[in-house]
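What follows is a structure written as structure tokens; I'll ask about it next.
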Amino acid sequence: EEQQEAEPIVIPPRDGVHRATLVYLHPFKSGPNDYVRKAHFFSMDGLRVVIPRAQKLPITCCGGRHMLAWYDYLTDRDGTAEEELDQATLAASRARIHALLEQEHNRLQGEEEKAAGGGSGHCDSARSR
């Protein structure tokens, strides 16, 4: 069953002038709602903060439970070693993130600065390999 992709949360620049964009990837199992409640902490002059929402995916290492995630975790080594990830779900998230980065790039004809950040290791979702 295909999920409807939720629009990203946007925290506009405090001064109303968009000069830079930060795309922030929320951590595994938690969505962007906490960031919305605390938007005043993230609001800065010139900075547009864009927080996409991960999809609810069945997580293999959690018995197939559906959770907000950027990719499917195949293993849970409890931080003792690198986790094995499902490459197909990682590629799908990477494509979504790259499309969002391209939209933000085009928003000001590429004149703004951009950065991708995230909780935990989720910035890896955006990196090309």
Inset, instruction - Please test E84 against T60 for side chain to side chain contact (heavy atoms under 4.5 Å, CB included), starting from the C-alpha separation and ending with a verdict. - result: CA-CA 10 Å; E84 290 179 40; T60 301; over 6 Å; no
Inset, instruction - Look at the side-chain heavy atoms of Ile, Leu, Val, Met, Phe, Trp and Tyr, link any pair under 4.5 Å apart, and say whether L74 and L90 land in one connected group. - result: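 No; L90 is not reachable from L74 via cluster members.
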Legend entry - Close side-chain approach of L101 to I97, heavy-atom, < 4.5 Å: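 L101 vs I97: side chains touch.
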Inset, instruction - State the SG-CG distance between C61 and D78, to the nearest 0.5 angstrom. - result: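 C61 SG to D78 CG: 10.5 Å, rounded to 0.5 Å.
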Legend entry - Test salt bridge (Lys or Arg N to Asp or Glu O under 4.0 Å) applied to R14 - qualifying residues, sequence neighbours left out: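 Applying salt bridge (Lys or Arg N to Asp or Glu O under 4.0 Å) to R14 gives D45.
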Inset, instruction - Flag yes if F42 and V17 sit in one hydrophobic cluster, no otherwise; membership is Ile, Leu, Val, Met, Phe, Trp, Tyr, and two members link when side-chain heavy atoms are under 4.5 Å apart. - result: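 Hydrophobic grouping puts F42 apart from V17.
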Inset, instruction - For L68 and S30, work out which heavy atoms get closest and say how close. - result: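 For L68 and S30, the tightest heavy-atom pair comes out as CD1-C, 4.1 Å.
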Inset, instruction - Scan side-chain atoms only and decide if T89 and D72 contain a donor-acceptor pair under the 3.5 Å cut-off. - result: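 Per modelled atom types, T89 and D72 side chains form no pair under 3.5 Å.
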Legend entry - 4.5 Å side-chain heavy-atom contact, L22 and V50: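 Side-chain contact under 4.5 Å: no.
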Legend entry - Atom of A81, atom of R77 and distance for their closest heavy-atom approach: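 Nearest heavy atoms, A81 then R77: CB-CD, 3.6 Å.
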Inset, instruction - Evaluate side chain to side chain contact (heavy atoms under 4.5 Å, CB included) for R65 paired with I59, printing each intermediate quantity in order. - result: CA-CA 6 Å; R65 278 195 7 233; I59 305 301; 5.8 Å; no
Legend entry - Heavy-atom pair with the smallest gap, counting every atom of L25 and P52: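 In terms of heavy atoms, the two residues are closest at CD2-CG, 3.7 Å.
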Legend entry - Electrostatic pair R48-E104, nearest N-O below 4.0 angstrom: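 A salt bridge is present here (some side-chain N lies under 4.0 Å from a carboxylate O).
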Legend entry - W70 side chain reached by F28 side chain, heavy atoms, under 4.5 Å: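 No, side chains not in contact.
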Inset, instruction - Determine, step by step, whether E102 and R107 satisfy the side chain to side chain contact (heavy atoms under 4.5 Å, CB included) criterion, reporting the C-alpha distance in whole Å, the side-chain angles of both residues, the deciding distance to 0.1 Å, and the verdict. - result: CA-CA 9 Å; E102 185 69 24; R107 186 171 293 281; over 6 Å; no
Inset, instruction - Check whether any side-chain heavy atom of L47 sits under 4.5 Å from a side-chain heavy atom of T21, and report yes or no. - result: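 Sidechains of T21 and L47: no contact.
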Legend entry - Any side-chain heavy-atom pair of E7 and R53 under 4.5 Å: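 Side chain of E7 against side chain of R53, heavy atoms only: no contact under 4.5 Å found.
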Legend entry - E83: salt bridge (Lys or Arg N to Asp or Glu O under 4.0 Å) partners, not counting sequence neighbours: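 E83: no salt bridge (Lys or Arg N to Asp or Glu O under 4.0 Å) contacts found.
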Legend entry - Shortest non-hydrogen separation from R96 to Q55 and the atoms involved: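 Shortest heavy-atom contact: NH1-CG, 3.4 Å.
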Legend entry - Nearest-0.5 Å distance that lies between atom NZ in K29 and atom NZ in K56: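 NZ of K56 is found 12.5 Å from NZ of K29.
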Inset, instruction - Please examine the side chains of I51 and I11, heavy atoms only from C-beta on, and report whether any two atoms are closer than 4.5 Å. - result: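 Yes. Closest side-chain heavy atoms under 4.5 Å.
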Inset, instruction - Report yes if some heavy atom in the side chain of D34 is under 4.5 Å from a heavy atom in the side chain of K38; otherwise report no. - result: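 Result yes, sub-4.5 Å side-chain heavy-atom pair found.
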Legend entry - Side chain to side chain, L85 and Y73, heavy atoms closer than 4.5 Å: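 The answer is yes, as the side chains (C-beta and beyond) meet within the 4.5 Å cut-off.
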Legend entry - Nearest non-hydrogen partners of P12 and S43, listed with the distance: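 Smallest heavy-atom distance, with atoms named: O-OG, 3.9 Å.
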